[in-house]
Amino acid sequence: MEQLNPRSVLVTGSNRGLGLELIQHLARKNSPPKWIFATCRDPAGSGAQDLKNLAAKNPQIVLITLDTTDPSSIKAAAAKVTNCLKGAGLNLLINNAGIINISNLETETPESMAEIYRTNVIGPMMVVQAFLPLLRKAAHESPLEGMNCSKAAIINISSQAGSITSVFEWQWSHIIGYRCSKSALNMLSKCQSLYLAKDEILCVALHPGWIQTDMARSMLRTAPYSGVASLMCSYGDGQGSPSLTTEQSLQAILKTLGRLSEKNTGTFVNWEGILIPW
């Protein structure tokens, strides 16, 4: 039976929502990773209090400052992780940090779209570039065969809203900049998979599902059609996909991460590992 057993994991945007739940679930595994690098822009600030409380109870959690839009911050974080690992590699990198601005085709602005791209696309690209030496080290020194998330992997948290085929819930919210950024992130994931295939580093774009997070609730509050917003609150995404608690999503995601292999690299999947059309 496949299992997720990386010795080291790094998660961006881990102070709230899905990122915080990822850290919590990893820490309470029967055999947790030796190192769980929980990164966010300001781990010492009030916005990271829940994360600080969690780290105080779990010594394997290492809080690290990492602003995915700041190259110097990313470089400093990579140096700190390298120092903590003491010669070991990084097994699993989860690019989770992301933002959303509510907009439609007429209200989207260059400034807003540029901000979203810096966080949702350029940020994950720079993070991978900075941590690639540690991922390669983990892949090359691992006794495990093939590709998997316990050996060396990059998981980019995407969204079905970035699917050009389905144009997921267009009638609910147009979110132009967000959709475009997630489509771009999917292409970045594909490019990473092709480039890093020789290193046996798994690369996957993952849609975590319709999760009850602060980001999702803010979208519902600004949904242009109140009927759609009510439907989403009650039944999920309106297309037969259930609304998920972060607990439900994370349980499924961790099972999926444990099953991913070389046949999945370069793909776009949901929380259950089911392929999503590009």
Exactly one of Asn95, Asn156, Thr267 clears side-chain hydrogen bond (donor to acceptor under 3.5 Å, both in side chains) with Ser189, and that residue is Asn156

Report yes or no: does Ser181 contribute a side-chain atom to a donor-acceptor pair with the main-chain N or O of Val121 at less than 3.5 Å? no

- [ ] Start with the C-alpha gap between Leu20 and Asp50, add the side-chain angles, then the distance that decides, and say whether side-chain contact (heavy atoms from CB on, under 4.5 Å) holds.
- [x] CA-CA 8 Å; Leu20 181 61; Asp50 290 341; 3.8 Å; yes

Closest non-hydrogen atoms of Trp278 and Gly266, given as atom of the first, atom of the second and distance, are CZ2-O, 3.3 Å

**Asked** Should we say atom NZ of Lys57 is surrounded by more than 12 heavy atoms from elsewhere, each under 6.0 Å from it?
**Response** no

Arg259 side chain to Glu272 main-chain N or O, any donor-acceptor pair under 3.5 Å? yes

In the structure I gave you, are the side-chain heavy atoms of Ile102 and Ile175 within less than 4.5 Å of one another anywhere?
yes

For a 4.5 angstrom cut-off between non-hydrogen side-chain atoms, does Leu63 reach Lys52? yes

key: Contact check, side chains of Tyr178 and Ser103, non-hydrogen atoms, under 4.5 Å   = no

Fill in: Flag, side chain of Ser249 to backbone of Pro208, donor-acceptor distance under 3.5 Å
yes

Under the 3.5 angstrom rule, does the side chain of Thr12 hit a backbone N or O of Thr39 as a donor-acceptor pair?
no

Using atom types as modelled and distance alone, determine if a side-chain donor or acceptor of Arg179 lies under 3.5 Å from a backbone N or O of Ala161. yes

Taken to the nearest 0.5 Å, the spacing of Glu21 CD from Gln24 CD works out to 5.0 Å

- [ ] For the pair Ile100 and Ile116, evaluate side-chain contact (heavy atoms from CB on, under 4.5 Å) and give the outcome as yes or no after the intermediate values.
- [x] CA-CA 7 Å; Ile100 187 169; Ile116 293 173; 5.9 Å; no

query: Any side-chain heavy atom of Ile176 sitting closer than 4.5 Å to one from Met113?
result: yes

If we ignore hydrogens and angles and just use 3.5 Å, is the side chain of Thr256 paired with the main-chain N or O of Ala252 as donor and acceptor? yes

**Request:** Could you tell me whether a side-chain N or O of Ser183 sits under 3.5 Å from a main-chain N or O of Gly162, the two making a donor and an acceptor?
**Result:** yes

- request: Please lay out, stage by stage, how Leu260 and Leu257 fare under the test side-chain contact (heavy atoms from CB on, under 4.5 Å).
  value: CA-CA 5 Å; Leu260 294 176; Leu257 295 184; 3.9 Å; yes

The single option from Ser150, Ser8, Ser142 that satisfies side-chain hydrogen bond (donor to acceptor under 3.5 Å, both in side chains) with Asn91 is Ser8

- Task: For the residue pair Ile276 and Asn186, establish whether any side-chain heavy-atom pair is separated by less than 4.5 Å.
- Result: no

query = Got Leu10 and Leu90 here, is their nearest side-chain heavy-atom distance under 4.5 Å?
reply = yes

Closest heavy-atom pair, Cys149 versus Leu202, reported as atoms and distance to 0.1 Å, is SG-CD2, 3.7 Å

To the nearest 0.5 Å, atom CG of Asn30 lies from atom CD of Gln3 at 9.0 Å

Here the pair of heavy atoms bringing Asn120 nearest to Ala97 is OD1-O, 4.4 Å

- Message: Checking the side chain of Thr69 only, and the main-chain atoms of Thr119 only, is there a donor and an acceptor separated by less than 3.5 Å?
- Response: no

What verdict does the side-chain contact (heavy atoms from CB on, under 4.5 Å) test give for Asn15 and Asp42, after you've listed the backbone C-alpha separation in whole Å, the side-chain angles of each residue and the deciding distance to 0.1 Å?
CA-CA 9 Å; Asn15 60 308; Asp42 184 14; over 6 Å; no

**N/O donor-acceptor pair under 3.5 Å between Lys151 side chain and Glu200 backbone** = no

Notebook entry, point to check: Should Trp35 and Gln60 count as side-chain neighbours, where that means a heavy-atom distance under 4.5 Å?
Noted result: no

Determine whether Thr265 and Leu196 make a side-chain contact, defined as any pair of heavy atoms from C-beta on separated by less than 4.5 Å.
-> no

Could you tell me whether a side-chain N or O of Lys182 sits under 3.5 Å from a main-chain N or O of Ile157, the two making a donor and an acceptor? yes

